[in-house]
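Worksheet: one structure, shown below.
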Amino acid sequence: MLRLTDSLTGDKVEFTPRDPGKASVYWCGPTVYDAPHLGHARSTLAFDILVRYLRWTGLDVTAVSNITDIDDKIIARAADEGTTEPELARRFEDVFIAEMDRLGIAHPDLRPRATEYVDQMISIISQLVDRNMAYTTDSGVYYDVDRLDGYGALAGQSPEQLREGAGARVEVDDDKADPLDFALWKAAKPGEPAWDSPWGSGRPGWHIECVAMSLDLLGDGFDIHGGGDDLVFPHHENERAECLGCGRPFARLWVHNGMVQVGTEKMSKSLGNFRTLADLLDSWDPRALRLLVLQTHYRKTMEIGEATLTTATAALERLDGFARRIAGSDLPDSAADPDAVGRFRTAMDDDLGTAAAMAVVFDAVRDANRALDAEDETSAAALAAAVFELTGVLGLRLGGATSRRGDDGTIDELVAARSTAKAAKDYAEADRIRDDLTARGIVIEDSATGTTWRRN
RNA sequence: GCACCGGUGCCCGAGUGGACCAAGGGAACGGCCUGCAAAGCCGUAAAGCCGCGGGUUCAAAUCCCGCCCGGUGCUCCA
């Protein structure tokens, strides 16, 4: 049984779906005002892995992740570029999805946009106003935090504590009765996109969209709500307040992933000078990034940089090398080794222990290699099947059969020439050819069944 | 200042009371294999105890207290 750390309590709790056999998952997607960065990649990977795992355990999962396509940053950037908000948002939404595709992210079942949910948001705000949970001023509609019992539960702080921090740093808006109150609806300013509402022309506040979309698509009391750690407060706190303020149950479980830390100095000065996800994916195998994320627990802050990506790439090569070896072997069909599968499941059930799960995979790789050496085909086949099934669950596709593509006849000729020289025991010539190939970035691997090559 | 998450070997990074685990990956070194390599397999003495100092316990990297350091958050306009 899967146990997950619930951000609301901080405890690991058993995941018990609202509807037996099903799971409803919502996580906060990007605000599309710029190209995605490494943090988007980490977070999206984390929930991709969660959803894949839930599905593998047999649950019928409905996964929803939103696109925030109206917000202050979008308005500002559109103005800067002299374009419209919808154009800008759509453009960066496309970029986001394209980059996530490169990462091998399974698309969420539904990807709603905020601007398509304004009516539903207005409806929720109306309920809050009717229930006296919100009040209206000239600048908009605000949520009255005092009216909700337990505001601050996600943040782990009392309203008093939160107020203390707020007062110390930020000028209090005159219109708000309490510095903790937050905007549900913002009155229109000249030149900004606006929608009609009972409170005049304006646009929705930041948090309300996720409430409208998650409740509409997944229903009250859906299973899991997630996002990056930085969204816990105020975003998720306020979402929760909005939903509870309507007298409706919100997410049953909160899951948050840790932040990505980039050693900015190192990063900007060294060779691999990447800042956006696109830059990174241009220089590294996207699967290396996924593997790196897998080898770190999802809640922990992690560093993504040249050094960690280099080791992840080496580890990935070990897996790919194994896949190639299997592709070159003629193993019988087999079910996945049950012991490996069981240990994998135990690891994942414990708060998505992907690092421990990968350890199971690497153990299986070693055991399979050993079985292959011992010509124990039955064991090798079962272990190999486990490796492929389990990496598949984690969204890692191992590149096996594509070790030598016939896209470069020159290389094939050189390899053949070397084999001829070797057969004639002309090792000087064979080594000369191999050095030549090495210089071209080609790695030669001899085996009992012949010589294969691949690009380094 | 407040809250939360962290500080583990050469590096990354699992592990939250004990029993064949301080996992796994990377790097390094030695061996087997190889014409030599690569890949694969086997092994590696000093992780002497898991940021520091106390404490609880028969037993702690794992629990408690204090401290130091890092990250994140602390309302619309960020």
Side-chain angles (χ1 to χ4, degrees), chain A residues 5 7 10 12 71-73 76 139-140 142-143 145 152 154-158 160-173 175-176 178-187 189 203 205-207 228-235 237-238 256 258-261 291-292 294-297 299-305 307-319 321-322 324-325 343 347 350 353-363 365-374 422 425-428 430-431 434-435 438 443-448 451-454 456:
Chain A
T5 299
S7 308
K12 263 188 224 176
D71 125 302
D72 300 305
K73 289 183 195 135
S139 61
Y142 294 92
Y143 190 98
V145 164
L154 262 176
Q157 297 194 73
S158 65
E160 292 68 36
Q161 287 174 308
L162 289 167
R163 226 167 256 134
E164 216 171 293
R169 285 192 39 186
V170 184
E171 286 302 315
V172 175
D173 188 321
D175 278 351
K176 291 197 289 189
D178 182 319
L180 291 184
D181 293 347
F182 55 92
L184 296 168
W185 188 261
K186 304 177 187 183
K189 293 174 188 168
R203 60 191 166 94
W206 175 27
H207 322 293
D229 248 346
D230 54 348
L231 296 181
V232 173
F233 191 91
H235 186 46
E237 186 75 53
N238 290 349
H256 291 95
M259 300 289 92
V260 172
Q261 200 175 327
L291 181 55
L292 183 57
L294 284 168
Q295 289 189 295
T296 310
H297 190 91
R299 282 190 293 112
K300 195 171 171 180
T301 303
M302 70 177 292
E303 175 134 11
I304 297 177
T308 54
L309 279 166
T310 299
T311 60
T313 300
L316 181 64
E317 176 48 34
R318 176 166 162 76
L319 296 173
F322 174 73
R324 284 194 298 273
R325 186 176 186 189
R343 290 199 297 136
D350 185 9
T354 54
M358 279 311 302
V360 173
V361 169
F362 280 107
D363 280 345
V365 167
R366 189 198 349 92
D367 292 344
N369 271 321
R370 205 183 319 179
L372 243 24
D373 290 344
K422 257 186 63 174
K425 296 203 192 303
D426 183 355
Y427 295 122
D431 289 350
R434 184 169 63 198
D435 289 345
T438 302
V443 178
I444 292 292
E445 292 183 354
D446 292 337
S447 75
T451 300
T452 59
W453 64 269
R454 61 187 168 81
N456 192 4

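None of these values were measured; they are calculated from a predicted model.
For the pair A:E303 CD and B:G6 P, the computed distance is 18 Å after rounding to whole Å. If you take CG of A:L162 and C1' of B:G1, they are 13 Å apart, rounded to a whole angstrom. Atom NE2 in A:H256 sits roughly 14 Å away from atom C1' in B:A3 (whole-Å rounding). Across the protein-nucleic acid pair, A:K425 atom NZ and B:U34 atom P stand 12 Å apart, rounded to whole Å. Whole-Å rounding puts the A:L154 CG to B:C4 P distance at 13 Å. The CG-P distance, from A:L319 to B:G40, rounds to 10 Å in whole Å. Between the CZ atom of A:R324 and the C1' atom of B:G40 there is a distance of 12 Å, rounded to whole Å. Rounding to whole angstrom units, CG of residue A:D435 and P of B:C36 are separated by 16 Å.
Of the P atoms belonging to B:C63 and B:C4, the separation is 15 Å, rounded to the nearest Å. Atom name P, nucleotides B:G53 and B:U16: the rounded distance is 24 Å, in whole Å. Between B:C52 and B:C11, the distance separating the two C1' atoms is 23 Å to the nearest Å. Separating the P atom of B:C58 from that of B:A46 is a span of 31 Å, rounded to the nearest Å. Distance noted for atom P between B:A38 and B:A19: 38 Å (whole Å). Between B:A39 and B:G73, the two C1' atoms lie 48 Å apart (nearest whole Å). B:G9 and B:C50 are spaced 10 Å apart, taking the P atom of each and rounding to whole Å. Nucleotides B:U57 and B:C64, compared at atom C1', are 12 Å apart to the nearest Å.
Closest to the side chain of A:I444, from the set B:U16, B:A37, B:G40, is B:A37. Closest approach to the A:R299 side chain among B:G6, B:A37, B:A38 is made by B:G6 (side chain taken as heavy atoms from C-beta onward). Side-chain atoms of A:T308 lie closest to B:C12 of the nucleotides B:C12, B:G40, B:C2. Nearest to the side-chain atoms of A:Y142 among the listed nucleotides B:C76, B:G6, B:A38 stands B:C76.
Considering only residues two or more places apart in sequence or on other chains, A:D181 meets the side-chain hydrogen bond (donor to acceptor under 3.5 Å, both in side chains) condition with A:Y135. Under the rule for a side-chain contact (heavy atoms from CB on, under 4.5 Å), the partners of A:D426 that lie at least two apart in sequence or sit in another chain are A:A421, A:A428, A:E429. With sequence neighbours excluded, the residues satisfying side-chain hydrogen bond (donor to acceptor under 3.5 Å, both in side chains) with A:R299 are A:T5, A:D351. Checked against side-chain hydrogen bond (donor to acceptor under 3.5 Å, both in side chains), A:S7 has the following partners two or more places apart in sequence or in another chain: A:H256. In terms of the salt bridge (charged side-chain N to carboxylate O under 4.0 Å, His left out) criterion, A:D229 has no residue partners (sequence neighbours excluded). The side-chain contact (heavy atoms from CB on, under 4.5 Å) search around A:A315 returns A:L291, A:F362, not counting sequence neighbours. Applying the side-chain contact (heavy atoms from CB on, under 4.5 Å) criterion to A:K189, with sequence neighbours excluded, gives A:E192. Listed by chain and number, the residues in a side-chain hydrogen bond (donor to acceptor under 3.5 Å, both in side chains) with A:E445 are A:R454 (sequence neighbours excluded). Contacts of A:S158 classified as side-chain contact (heavy atoms from CB on, under 4.5 Å), with partners at least two apart in sequence or in another chain: A:E160, A:Q161.
By the 4.0 Å N-to-carboxylate-O rule, A:D71 lies too far from A:R203 to be salt-bridged with it. A salt bridge links A:R325 to A:D373: one of the charged nitrogens lies within less than 4.0 Å of a carboxylate oxygen.
Both A:H207 and A:E445 sit near RNA chain B, but only A:E445 has its closest nucleotide nearer the 5' end. Toward the 5′ end of RNA chain B lies the nearest nucleotide of A:D446, the other residue of the pair A:D446 and A:K73 mapping further downstream.
Residue contacts for A:D431: at a heavy-atom cut-off of 4.0 Å it reaches a base atom on one of the strands shown. Nucleic acid contact class of A:K422 (heavy atoms, under 4.0 Å, all strands): base. Heavy atoms of A:G205 sit nowhere under 4.0 angstrom from any nucleic acid atom.
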If the sugar-phosphate is the primed atoms plus P, OP1 and OP2 and the base is the rest, what is the B/S/- string for nucleotides 68-73 of chain B, using protein heavy atoms under 4.0 Å?
----SB

Reading 5' to 3' through nucleotides 17-33 of chain B, protein heavy-atom contacts under 4.0 Å coded B for base, S for sugar-phosphate only, - for none
------BSSS-------

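Each of A:T451, A:D431, A:D446 was compared with A:K422 under the side-chain hydrogen bond (donor to acceptor under 3.5 Å, both in side chains) criterion, and only A:D446 meets it.
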For RNA chain B, produce a single dot-bracket line, 5' to 3'. Pairs: Watson-Crick or G-U wobble, both distances under 3.5 Å. Symbols: ( ) within strand, [ ] crossing, | other strand, . unpaired.
((((((((.[[[..)..(.....]]].(((((.......)))))......[[[[[..)....]]]]])))))))....

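Looking at A:Q157, its side chain never comes within 3.5 Å of a backbone N or O of A:G152 through a donor-acceptor pair.
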Determine, step by step, whether A:D363 and A:R343 satisfy the side chain to side chain contact (heavy atoms under 4.5 Å, CB included) criterion, reporting the C-alpha distance in whole Å, the side-chain angles of both residues, the deciding distance to 0.1 Å, and the verdict.
CA-CA 11 Å; A:D363 280 345; A:R343 290 199 297 136; 3.7 Å; yes

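One donor-acceptor pair, N or O on each side, does fall under 3.5 Å between the base of B:A37 and the side chain of A:R434.
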